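For reference, the structure is listed below as structure tokens.
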2 protein chains.
Amino acid sequence: MQRARTDQAKDDRREVLLTAALHEFFERGFSAARMDDIAKRAGLSKGTLYLYFDSKEALFTSLIETFALPNVERIETAARAAGGARNAIRAVLALAPNLVRESVVPLIAKILIADAPAFPDIVTAYRKTVIERVLGVFADILKDAHEAGEIDVSDPDLTARLVVAPIMFSAMWRVVFEHDDEAKLDLVKLFALHEKMLLRALWFKEEAA
Amino acid sequence: MQRARTDQAKDDRREVLLTAALHEFFERGFSAARMDDIAKRAGLSKGTLYLYFDSKEALFTSLIETFALPNVERIETAARAAGGARNAIRAVLALAPNLVRESVVPLIAKILIADAPAFPDIVTAYRKTVIERVLGVFADILKDAHEAGEIDVSDPDLTARLVVAPIMFSAMWRVVFEHDDEAKLDLVKLFALHEKMLLRALWFKEEAA
DNA sequence: CCTATATAACTGACTGGTCAGTTATATAGG
DNA sequence: CCTATATAACTGACCAGTCAGTTATATAGG
């Protein structure tokens, strides 16, 4: 086997191992995933895996930390870049189909849901740094629009959750049901509809006109 | 240990074991849950557990089958009993807080999500008998209202998913985050808001008036 | 109503297999 | 030829499933 001697090469190897771990943990869950399989999937041996991570738990923790943030930033930028609440909602819901179908977000979510009771600290950290940050961005935008008299939002935090709920719903749908093709969702249509209904609900006076 | 001699007593024992299994599988996942712990939780020995279920897998299957249907029926009756789409939506969303907070539905959902890849057949069966049945009830109601000219619903199947999404969202929230009290959701307010926004989105012409 | 006998519910020690983590050995690459 | 990296053989803890033995309960027979 070729050796990773430079720092760059080692970082690459770490990443390959983390990606392998992502898929094994996703498919099997923390407990049933085998360190041997993760190493093999990365084209390495178990011994080598232990050169890069101290334990199965350490690997799990690194995994969540590594994959959690990048996609949050994508959402956050899209939301903040668009001017105004209406455009922010549009921008994020336009991103949603790709996020649900192509990104690792649904995989990470599934892994966290599955192993939450075993890793309460990781879950709490994830909620604070990822979930509540995303919800907070939405809530802020809604609040601003409310204060500007543009829309009527009694509770921005709860409204933000209602905006996000279909993303979570379809992420779980993908992860649980889409192993059989019969159950595929049309995500583009789903989020277009969600957008339409949200705009009607929030700007209902103008929309009805 | 007292013995279960009558059929009734045996059924009771089965149920106690299933309830113990529900909680262990929920907390640990299929793989990490121990048959010994399930038995102990039910106040019995592992040997006895094997008198009632052939294997860990058989126990798992029975568990899903036993707990899946009753709550579907609750939703279905509530939806069908209420006359008209508006009342059906109201009736079901009024049920939602209790369903999310008190029923086993979120536990079963979590277990299924966690172990879906290991039990594709169970998952497919669950989708057909539970999920699509519930979604179908909503879709039918929406379609009827649409055909009666009451509301404008281009795609009842997708709309039904948007109605249900916040239930799934808050079920996962409970199951993943509510181990710490800091993260409690106000479900009554959440679903009241969801109802308000749905009514605006669907009957937006009248609501705006 | 008592007691002896039969039965089926129950138990927990044991077995075989699995897998996280360790270590002795091999070798790529400078 | 030296050493950091990689490997695969190894160890021991753990656990699903089994089964020989135990005991609660039913009931036959006095």
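Note on naming: letters A, B, ... go to the chains in the order of the sequence lines (proteins, then strands), and numbering restarts at 1 for each one. Keep in mind that what you see is a predicted model, and the values were worked out from it rather than measured.
- When distances are taken from the side chain of Arg3(B) to each of dT5(D), dA24(D), dG12(C), the shortest belongs to dA24(D).
- Across the protein-nucleic acid pair, Leu49(A) atom CG and dA8(D) atom C1' stand 14 Å apart, rounded to whole Å.
- Residue contacts for Tyr52(A): at a heavy-atom cut-off of 4.0 Å it reaches the sugar-phosphate backbone alone, with no base atom in range.
- Remark on DNA chain D: of its neighbouring residues Arg5(B) and Thr48(A), the 5'-side contact belongs to Thr48(A), judged by nearest-heavy-atom nucleotide.
- In this structure, the CG atom of Leu44(A) is 14 Å from the C1' atom of dA28(C), given to the nearest Å.
- A straight line from CZ of Arg13(A) to P of dT5(D) spans 10 Å, rounded to a whole angstrom.
- If you measure from atom CZ of Arg28(B) to atom P of dC14(D), you get 12 Å, rounded to the nearest angstrom.
- Each of Gly47(A) and Ser31(A) was matched to the nucleotide of DNA chain C holding its nearest heavy atom; the match closer to the 5' end belongs to Ser31(A).
- The main-chain N or O of Trp173(B) is never found under 3.5 Å from a side-chain atom of Ser170(B) such that the two would form a donor-acceptor pair.
- Base pairing analysis places dA9(C) opposite dT22(D); the two distances defining the Watson-Crick or G-U wobble pair are each below 3.5 Å.
- In this entry the distance linking CG of Asp54(B) with P of dC19(D) reads 14 Å, nearest Å.
- When Watson-Crick and G-U wobble pairs are counted only if both distances are under 3.5 Å, dG29(C) pairs with dC2(D).
- Within the nucleic acid shown, Lys40(B) has no heavy atom closer than 4.0 Å to any nucleic acid atom.
- Nucleotide dT15(C) forms a Watson-Crick or G-U wobble pair with dA16(D), both donor-acceptor distances falling under 3.5 Å.
- For the pair Asp36(A) CG and dT22(C) C1', the computed distance is 14 Å after rounding to whole Å.
- The environment of Glu15(A) atom CD is sparse: at most 12 non-hydrogen atoms of other residues, nucleotides or ligands sit within 6.0 angstrom.
- With rounding to whole Å, Tyr50(A) atom OH is found 16 Å from dA8(D) atom P.
- Judged by atom type and distance alone, Lys46(A) does not reach the base of dA8(D) through any side-chain donor-acceptor pair under 3.5 Å.
- Rounded to whole angstrom, the span from the CE atom of Met35(A) across to the C1' atom of dA8(D) amounts to 16 Å.
- Between the side chain of Arg34(A) and the base of dT18(C) there is no donor-acceptor pair of N/O atoms closer than 3.5 Å.
- Relative to the side chain of Lys56(B), the nucleotides dG17(D), dT11(C), dA4(D) differ in distance, and dG17(D) lies closest.
- Between Phe60(A) and Ile122(A), the closest side-chain pair of non-hydrogen atoms falls below 4.5 Å.
- Side chains of Leu198(A) and Val163(A) form a contact here, defined as non-hydrogen atoms less than 4.5 Å apart.
- In the displayed structure, Glu73(B) atom CD is contacted under 6.0 Å by more than 12 heavy atoms of other residues, nucleotides or ligands.
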